[in-house]
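In what follows, residues are counted from 1 in the order of the sequence shown. Bear in mind the structure is a predicted one, so any value in this text is a computation, not a measurement.
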Amino acid sequence: MINTITQGNCLDLIKTIPDNFVDLICTDPPYLINYKTNHRKDKSHDFCSEIANDAPSDVSLFEQLLPEYYRVLKDNTALYLFTSSKTIDIFKPLVEKAGFNIKNLIIWVKNNWTAGDLKNQYGQQYEIIIYANKGLC
């Protein structure tokens with residue numbers, strides 16, 4: 001099969017994928033942190049608006065999507081899910097509830113700093129990636 005890129009609602013599109021069909025899922029979803037910036041001069045920029053489905057209390061997207069990830073992945077294959085240190089404790093139980101075995105947490109050091117909250121927090125220089133498997137491998 002030739003690789004293709006399809007644009008659409010992820011919950012609708014994933015249901016069109018057969019069971020045990022995908023070799024790997026690497027995803028960088030909303031981190032549930034209400035991300036937006038107030039530091040851009042151009043206030044019309046996309047980063048100045050909150051990301052859809054990024055509310056800390058709204059895990060419904062992931063409660064629906066993670067079991068579908070598990071369904072479409074072949075046995076003994078991997079899921080790499082990018083997240084934030086602020087919400088890792090939200091994502092880990094959801095990944096496990098979907099049936100995955102969390103194998104490790106990978107720290108991606110990005111060598112650049114975010115601004116932090118400019119009052120009482122250091123900026124972050126890394127992201128956490130949940131490395132999980134469907135199966136024992």
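- Minimum interatomic distance between Tyr70 and Ala98 (heavy atoms only, all atoms of both residues): CG-O, 3.4 Å.
- Going from atom CZ of Phe100 over to atom OG1 of Thr77 covers 7.5 Å, rounded to the nearest 0.5 Å.
- Rounding to the nearest 0.5 Å places CD1 of Ile128 at 11.0 Å from CG of Asn104.
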**Item:** Pair Leu79-Lys134, side-chain contact (heavy atoms from CB on, under 4.5 Å): steps then yes or no
**Value:** CA-CA 8 Å; Leu79 165 71; Lys134 177 182 178 180; over 6 Å; no
**Request:** Let me see the working for Leu81 and Ile25 under side-chain contact (heavy atoms from CB on, under 4.5 Å), right down to the final yes or no.
**Result:** CA-CA 8 Å; Leu81 188 144; Ile25 293 177; over 6 Å; no
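- Closest approach of Ile90 to Pro93, counting heavy atoms only: O-CD, 3.4 Å.
- Across all non-hydrogen atoms, the minimal contact from Val109 to Tyr126 is CA-CB, 4.2 Å.
- The main-chain N or O of Gly135 is found under 3.5 Å from a side-chain atom of Asn101 such that the two form a donor-acceptor pair.
- Asn9 places a side-chain N or O within donor-acceptor distance of the main-chain N or O of Leu11, the cut-off being under 3.5 Å.
- Interatomic distance, CG of Leu94 versus CG of Asp89, reported as 11.0 Å (0.5 Å rounding).
- Using a 4.5 Å cut-off on side-chain heavy atoms (C-beta onward), Leu105 and Ile129 make no contact.
- Note: Glu68 CD to Asp19 CG = 8.5 Å, rounded to the nearest 0.5 Å.
- Judged by distance alone, the side chain of Lys103 and the main-chain N or O of Tyr131 form no donor-acceptor pair under 3.5 Å.
- Aromatic ring orientation, Trp108 versus Phe82: perpendicular (interplanar angle above 60°, classes split at 30° and 60°).
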**Message:** Set out, in order, the CA-CA distance, both residues' side-chain angles and the distance that settles side-chain contact (heavy atoms from CB on, under 4.5 Å) for Tyr69 and Ile14, then state yes or no.
**Reply:** CA-CA 8 Å; Tyr69 284 170; Ile14 199 164; 3.4 Å; yes
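- For the atom pair CD of Glu96 and CD1 of Ile102, the computed distance is 4.0 Å after rounding to the nearest 0.5 Å.
- The nearest pair of heavy atoms linking Ile17 to Arg71 is O-NH1, 2.8 Å.
- Going from atom OG1 of Thr16 over to atom CZ of Phe21 covers 9.5 Å, rounded to the nearest 0.5 Å.
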